[in-house]
2 protein chains.
Amino acid sequence: MNLRDLRYLLAVAEHGHFGRAARACGISQPTLSVQIRKLEELLGVALFERTSKTVVPTSSCERLVGHARAAVAEAEAIFAVARDLRDPLAGRFRLGIIPTLAPHLLPLIFAPLRQALPALDLEPWEDQTVALLERLRAHELDAALLATEMDGPDLASQPLFAEPFLAALPPEHPLAGRDVVAEVELARDILVLADGHCLREQALAACGYNGAFGGALRAASLATLLNMVAAGYGTTLIPGLAAGAAQDAGIVLRPLAARAGRTVRIAWRAHFPRRAAVQAVGEVIATRLRGFAAAGTV
Amino acid sequence: MNLRDLRYLLAVAEHGHFGRAARACGISQPTLSVQIRKLEELLGVALFERTSKTVVPTSSCERLVGHARAAVAEAEAIFAVARDLRDPLAGRFRLGIIPTLAPHLLPLIFAPLRQALPALDLEPWEDQTVALLERLRAHELDAALLATEMDGPDLASQPLFAEPFLAALPPEHPLAGRDVVAEVELARDILVLADGHCLREQALAACGYNGAFGGALRAASLATLLNMVAAGYGTTLIPGLAAGAAQDAGIVLRPLAARAGRTVRIAWRAHFPRRAAVQAVGEVIATRLRGFAAAGTV
DNA sequence: TGACGCGATAGACACCGTCTATGATGACAG
DNA sequence: CTGTCATCATAGACGGTGTCTATCGCGTCA
């Protein structure tokens, strides 16, 4: 049985006339007669009582048309919903963002995203890199903003913008008097984030650490780390977009001699069908952050 | 779009695997791949994210499967309902019956009908001949029990049994002493039913009336007519099946010399598709009334 | 690195939905 | 009562498409 057959059935039931029903269906009258006859044979039920004058639905037919109407309506609904879903730049878009980036980047890109992609329903999800990749692979995210290289056979990514690091110093720190701070000078009393934050390893690497890091203090969040630096526990490297928050915390920021930094990338599943949405979101973000690395300010 | 396509969609969504879904649908894997691809192109929506390892429904797909499931379910319901309707000897059967027959015949045939046709849901409808024929032609009845000849191009009928008339007399009536009464002897003080009852004309014809009948008293129902006879207002002819009711009313019944009577027929639309049900009902009735005309009793 | 599993692609085939032409039947008017 | 009209049914031809088998491309795993 076919949805087409059900449409034919409904047309004949409605018009009570094969010729008119056929015209309404856009087919010839013999075709309609044959199809209705076949449907009757398939169901084993007489659907219409035919006279040369009238075509009247049988009581059996009346018991069936309700279901036929419902089936056709559901099929129409599929088309209607699909029409709404057709635009890859519309609908829910679940975007993972690492914690050291989210609170500072999101305020910058919400407005441009809403303007450029008004139909896109952005759902940010903040978590650490490993968790984001896991959710991405599990189809629980559509894309993720990361600061690590990570392409594999199943995932793809694309750089969006470079984010330089800055030396974060307590006001009373000896280095605070400098215009520029060399990365290795921070190594002595550097504070870092807890395990799992990509910024932790990147900051240590920038300062010249190769092996294990012996420092005991490990901040669970960038905000805590900033508070600790402000309180004089040590120094650290912060991502450039966090500059505002750091200054609010009373921290002295200095550019780095070797211009250490990280690259923020957008990542997605290689087979993700809404590549266009990923592309569009990435472009909005890259455009918004254009020139940030050079100017050091947004 | 086809119901088949929706079934395929549901199968792939459920199994997450083209090969297994194809096996579940009873088709080959390439066929399923092609059909799903076509559905995606038709809807303009990516339904699945394919990897060599996994097949995951997109969020669009998840928005659609509900409707797909509903459409398929309604189609299944059509088959299920049709299966119940397939038996022409099952389901509602609206049977019209004339008023001079209904109260006396129905008690006799209910039990045999229920026994012979347990799935048939009999709905009796009592009205006069003309009204019954109108409802029959309007498809508001499936068949009718009448006492008149009435075949036309659109209607067909078949005799079920002969019902002899009886002379109905007040106990004190001069004819009450006879064993047999001649029809014409009733003409002098006969009482008849109101216009519209076929029994009215048949009774008058049996008594030899050809033209207009001048009698002023016209009973609206057979019960009233019997009461009037019992009260001594006159005589009448009653159908044989009403004998019990007449005797209960205190009326004397006598056979008629010329054996006047009527033939009860079942009538249906010539194109009515459930001829088998009509036939079966007719046979049950005819069987139950076999020998009634001869024996004069049921 | 070779074997295996999975989905995509290609080409052949058969079914069936569609058409036009025509038949059968009943209604209606002259 | 007979020709005409309208209606649905039937017949035969045609084209689209759903299906198959065979094969490819790709990724995984031992």
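Throughout, a chain's letter reflects where its sequence line sits, starting with A, and its residues are numbered from 1. Excluded from the calculations below are hydrogen atoms, water molecules and symmetry mates; all remaining heavy atoms, backbone and side chain alike, are included.
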Participant: Rounded to whole angstrom units, what separation is found between the CD atom of Gln35(A) and the P atom of dC15(C)?
Facilitator: 17 Å
Participant: What is the distance, rounded to the nearest whole Å, between atom CZ of Arg23(A) and atom C1' of dC8(D)?
Facilitator: 14 Å
Participant: Under 3.5 Å, is there a donor-acceptor pair between the side chain of Asp142(A) and the main chain of Arg94(A)?
Facilitator: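 Here the side-chain-to-backbone pair exists.
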Participant: Assess whether a salt bridge exists between Asp121(B) and Arg92(B), defined as any Lys/Arg side-chain N lying under 4.0 Å from an Asp/Glu carboxylate O.
Facilitator: no
Participant: If you compare every side-chain N and O of Gln29(B) against the phosphate oxygens of dG7(C) (OP1, OP2), does one of them come in below 4.0 Å?
Facilitator: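 So the side chain of Gln29(B) is outside the cut-off, no N or O lying under 4.0 Å from OP1 or OP2 of dG7(C).
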Participant: Measure from the side chain of Thr31(B), starting at C-beta and using heavy atoms only, and say which of dG17(C), dC6(C), dC20(D) lies closest.
Facilitator: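 Shortest atom-to-atom distance from the side chain points to dC20(D).
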Participant: To the nearest angstrom, how far is Phe18(B) atom CZ from dG7(C) atom C1'?
Facilitator: 7 Å
Participant: To the nearest Å, give me how far apart CZ (Arg37(A)) and C1' (dA11(D)) are.
Facilitator: 15 Å
Participant: Taking CG from Asn2(A) and C1' from dG17(C), how many angstroms apart are they, rounded to a whole number?
Facilitator: 10 Å
Participant: Grab the CD1-P distance between Ile36(A) and dT7(D) for me, whole Å please.
Facilitator: 17 Å
Participant: Starting the side chain at C-beta, find the nucleotide from dG7(C), dT18(C), dT9(C) nearest to Val34(A).
Facilitator: dT18(C)
Participant: Has Ser28(B) got a side-chain N or O lying under 4.0 Å from the OP1 or OP2 atom of dT19(D)?
Facilitator: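 False: Ser28(B) side-chain N/O out of range (4.0 Å or more) of dT19(D) OP1/OP2.
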Participant: Between the protein and nucleotides 24-29 of chain C, list every N/O to N/O distance that falls short of 3.5 Å.
Facilitator:
from    : atom 1 : to       : atom 2 : distance (Å)
dG26(C) : O4'    : Ser52(A) : OG     : 3.4

Participant: Closer than 4.0 Å, any side-chain N/O of Lys38(A) to the OP1 or OP2 of dC16(C)?
Facilitator: no
Participant: Phosphate oxygens OP1/OP2 of dA8(C): is one of them under 4.0 Å from a side-chain N or O of Arg50(B)?
Facilitator: yes
Participant: Could you tell me how far apart Tyr8(B) (OH) and dT19(D) (C1') are, to the nearest whole angstrom?
Facilitator: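 Spelled out: OH on Tyr8(B) to C1' on dT19(D) is 8 Å.
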Participant: Should the pair Glu134(A)-Arg137(A) be classified as a salt bridge under the 4.0 Å nitrogen-to-oxygen rule?
Facilitator: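 Salt bridge: no.
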Participant: Should the pair Arg37(A)-Glu40(A) be classified as a salt bridge under the 4.0 Å nitrogen-to-oxygen rule?
Facilitator: yes
Participant: Is the shortest distance from a Lys or Arg side-chain nitrogen in Glu76(B) or Arg7(B) to a carboxylate oxygen in the other one below 4.0 Å?
Facilitator: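 The answer is yes: the pair qualifies as a salt bridge.
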Participant: Check Asn2(B), Ile27(B), Leu3(B), Leu39(B) against Tyr8(B) for a side-chain contact (heavy atoms from CB on, under 4.5 Å) and give me the one that passes.
Facilitator: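 Single pass found, and it is Ile27(B).
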Participant: Of the listed nucleotides (dT19(D), dA8(C), dA9(D)), which one gets closest to any side-chain atom of Pro30(B)?
Facilitator: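 Selected nucleotide: dA8(C).
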Participant: When you check the phosphate oxygens OP1 and OP2 of dA9(D), does a side-chain N or O of Ser33(A) lie under 4.0 Å from one of them?
Facilitator: yes
Participant: In whole angstroms, how far is the P atom of dT18(C) from the CZ atom of Arg7(A)?
Facilitator: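 My rounded result for the distance is 12 Å.
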Participant: Arg4(B) side chain N/O closer than 4.0 Å to the phosphate oxygens (OP1, OP2) of dG18(D)?
Facilitator: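 Indeed not, no polar side-chain atom of Arg4(B) lies that close.
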Participant: Is the backbone of Leu199(A) close enough, under 3.5 Å, to the side chain of His197(A) for a donor and an acceptor to pair up by distance?
Facilitator: no
